[in-house]
Amino acid sequence: MAFAFGRTDVNGYKMMSAPLFALFALMTAVAALAVLWPLSRSRVLKGEREADLAVYRDQLAEIDRDRDGGRLPPEQAEAARTEVARRMLAADAARVADAGSKKGGDSRRRAAAVMALVIVPLFGAGLYLYLGTPDLPGAPLAERLAAPADRGDVAILVRKVEDHLAQNPNDGAGFEVLAPIYLRLGRFDDAARAYAQAIRLQGPTALRYSALGEVLVMAANGIVTADALKAFQDAAKLDPTEPRASYFLGLAAEQDGRDADAAAIWSAMVAGAPADAPYLPLLKVALARVEGKDKSGAAAQAGAGPAPGPSAADVANAANMSTGDRNVMIRGMVQKLQDRLTAEPGDLDGWLRLARAYKVLGDTDKAKGALASARTAFAGKTDALARIDAAAKDLGLGG
Amino acid sequence: MIAELGQYALALALALSILQVLLPAWGAAKGDAVLMGTAAPLAFALMGFVTFAFAALIQLYVTSDFTVVNVVENSHSQMPLIYRITSTWGNHEGSMLLWVFVLALFGALVAAFGGNLPDRLKAHVLAVQGLIALAFLSFILLTSNPFLRLAPPPAEGRDLNPILQDPGLAIHPPLLYLGYVGLSVSFAFAVAALIEGRIDAAWARWVRPWTLAAWVFLTLGIAMGSYWAYYELGWGGWWFWDPVENASLMPWLAATALLHSAVVMEKRDALKVWTILLAILAFSLSLVGTFLVRSGVLTSVHAFATDPARGVFILGILTFFIAGGLALFAFRASELKQGGLFAPVSREGALVFNNLFLTAATAAVLVGTLYPLALEAFTGAKITVGPPYFNLAFGGLMLPLVCAMPFGPLLAWKRGDLLGVAQRLMLAAGLAVVAAVVTAAAVTGGPVLAPLAVGLAVFIMLGALTDLAERAGLGRVRAKVALARLAGVPRSAYGTAIAHFGVGVCLLGIACEASWSQEKIAAMTVGDQLVIGSRDLTLERMENRTGPNYRARSAVFSIRHQGEPEGRIDASRRIFASRQMATTEAGIRTFGFSQLYVSMGEETQDGHVSVRATFKPNVTLIWLGAVVMAFGGMLSLLDRRLRIGVPKPARSRVAAVPAE
């Protein structure tokens, strides 16, 4: 069984196991006892006078020892004795009244006990609840390695496959299994290496090449690099109908500024695709983008510039991702936009897009913050401010 | 579960440290023996919980529990057990926990062995210790939590910095921290004295063992660090005037000064205010030392800004304890009773001389260390203050100090006879001159002044022995009597002589290493020979080796001395895959006190490997000297006068003496 304990936060209740709770209680009790026990015992004050005199008596004895041993001439010994004796008299005179106040002792003791009983649990448990993670069990590596494989410990599974591949470096199937897992963990470079190994050992196929190319694109933040392009071209050579390779070849054309080529490749794909192909919506978005750019080309050059939205590769990736991964990716892109605008705040459309993105992500405060930044950046410009106000109303963020 | 127990223990330790500040101080203010009596149990409990937390963290490292962020970032499951343990403090969070562990240990030791202290003083000392613990525990828990968890855990850690994967990490930081933190006890005593407004000879006697213990650990810690840098960094230097090293040297210099001024206070009830100030300064410097290294401010002032929470916290702690201590000193020092006056030529006069030069040297090092930082912070200009400055400023201040060193212990208290002391040192001086002349005749090359430095080192060593001989009356009384007297010389006097002897040993090593080292650099292939001094090295073969978490490339040399084979020497480079870093493992062979030091660089395509071979005469004396110094300190610590416990009443003691 488990106790629901203390604080609620975004993650819900922190759960604490019974043995852990019992040990915490025991430790708290020991800590409190460290104060309560000495408070319960009576003690006699050890004053300065006795302690000082003990030291001086010891010094006198030492002088005598040195004199008797012949290590100190008698006249020097006598002088030293006189000096120490003077100190003893001074110590004696100075601290006659050293008696501690006996008054109020009991109430002080009670107050001290209460302080201990308040401070120990308050700070101990308070700090712990702020810092601790009671619901996360410990996991020594040896136990994790020994645990059955169905525990869902992906890192350990990967490590086991890696260990296996280190022993059997020619197991191409192993690399093929590992590569998409690396991809899901965001380890793009490892994924690319694994696909390359799979191609080397299992033989080249269009699917393997296009998978390798896609990983390289992701590693380069959505840019179709020369290596990636080479991989897609190899894939297309083996199977010209491989949709992923075709799509990315189109994207490469778009990124090179050859919008017409991109449109041609994608249009051909749309024409040749089965009606229920899952990638059709994506293709249509991409097509609309390059064709729209053609139409608004003049306007773009006039100053506003095209909206640098997520690249098609980003969208393509997002379509394949789990919800969690997708959120991470989207947040990453929003952050990029935020960073860019912080550096160059003169982009009104950018600010409005940022506000909308935050609103969609449910972060109303940041959305309002983006609008406020926009107002600062465009202070005094009436038409810009009007647009900001309109956007604010549109997003339901007030005036 | 272990991580959470450690976390909770640390939180409870913080709660206890609050009580350790409040209750004893309240008790001392009210003269309430029972309240003051809570100080010792609280100190024990604090140590118990901090020890538990520290042990928990070690356990997490040993079992490679990667649900703990700190373990992930600084450990690798394939490392040998010893490095899995030492990586616990091979990082910021863990080393701060080690710091607090040592602090709690010292608090508990004061509680355990402070039986001879007056209640009020003990309560105040432990309250100040509690305050330091509170500051550091808050720092750890709020900015540097070592028990921060991670889910899901990765399957492998990011490895410990390869330079730290060395037995040195097991010894050097703990020793250094024992030294740094040991000075907190002297600091606590000083603050307690200021609060109570009274200090006297008895105070000095109570503080001295703690200062001495801290000094011994600091000496060993610095020497160990120096030797570690010497063999690990691969180019054979043993002191770099690196800010990190300076950070440990400064508290050492201040502690050395404190040690000597406390003697004056104990014997003559003088130099009291100065001793208090030194105690505050010594701990302040050790705080600065800890933080200079830990805050990252040394690599760049801007590192401070990358983690503002930590940086501001560190500044806060530094300001609070240093400024607080000094402010208390400024307010209260005038109320302390001044001690007696004394003649310049006397033992106490010599100790004042020692203090003057040691503090001036500390200031010189401090300026050289902080000036570049201050300049960078205010103007952005990056400069380095290098060895030339330090050698001149520090060396120039140390020279008169070590020259005067043999005289100090021979001077009598109150009124010394400088001429008489000089006469007694004649033999030592004469032999030193002989040593210098013989050296000059025997060696070729090296600086002209080098034989003089050797002579000075010999003078210091023999001067220390002269002190012992004088105490025994050697030459003045019959040999048997002298021997009996020698046996009766207190251990602290032996300690002084041995520690001073150690300074001479160290100086001899420095002089020889700096003057007569021979170095050869060559690109070698297998079969090539390199002649260095009277030895020649042959590169026998190149080897690949595999360690638990690294691969190594080794060069194996055979050594011949005047044609006779003298075994092998291996130099290697290790490549650590997890961090993509390489370390050099120099090959070192010791012949007598001298060492042959071989390190290898990169290999070229055509099979050449760059090799640097150095023959360092008497280099080990540098560290052996420090060990001798520390041994002297330990001997002094064992002196019966400092032995802990309540002395027996005078009457029975006096009666017991004739019976011995």
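Order of the sequence lines fixes the chain letters, A, B, ..., with proteins taken first and strands second; residue numbering starts at 1 for each chain.
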Quick check on B:Glu156 against chain A: is it the side chain, the backbone, both or neither that has a heavy atom closer than 4.5 Å?
both
Cut-off 4.5 Å, heavy atoms of chain A, and the answer for B:Val62 is neither
Region of B:Leu117 that comes under 4.5 Å of a non-hydrogen atom in chain A:
backbone
Is it the side chain or the backbone of B:Leu150 that comes within 4.5 Å of chain A heavy atoms, both, or neither?
backbone
Looking at A:Met115, A:Lys160, A:Arg159, which one has more heavy-atom pairs under 4.5 Å with chain B than the rest?
A:Arg159
B:Leu23 versus chain A, the contacting section by heavy-atom distance below 4.5 Å
side chain
May I ask you to say whether A:Glu83 pairs ionically with B:Arg268, meaning some side-chain N is under 4.0 Å from a carboxylate O?
yes
Between B:Tyr8 and chain A, with a heavy-atom cut-off of 4.5 Å, which part of the residue counts as in contact: side chain, backbone, both or neither?
both
Can any side-chain N or O of A:Arg144 pair as donor or acceptor with the backbone N or O of B:Pro153 at less than 3.5 Å?
yes
When you compare the side chain of A:Leu141 with that of B:Phe66, does any pair of heavy atoms fall below 4.5 Å?
yes
Tell me, for B:Leu141 versus chain A, whether the close heavy atoms (under 4.5 Å) come from the side chain, the backbone, both or neither.
both
Does B:Asp65 reach the main-chain N or O of A:Ala139 with its side chain, forming a donor-acceptor pair under 3.5 Å?
yes
Quick check against the 3.5 Å criterion: does A:Gln59 have a side-chain atom that pairs as donor or acceptor with the backbone of B:Glu266?
yes
Quick check on B:Arg485 against chain A: is it the side chain, the backbone, both or neither that has a heavy atom closer than 4.5 Å?
both
For the backbone of A:Gly132 and the side chain of B:Arg149, can you confirm whether one donor and one acceptor N or O come within less than 3.5 Å of each other?
no
So for B:Trp413, is it side chain, backbone, both, or neither that comes closer than 4.5 Å to the heavy atoms of chain A?
neither
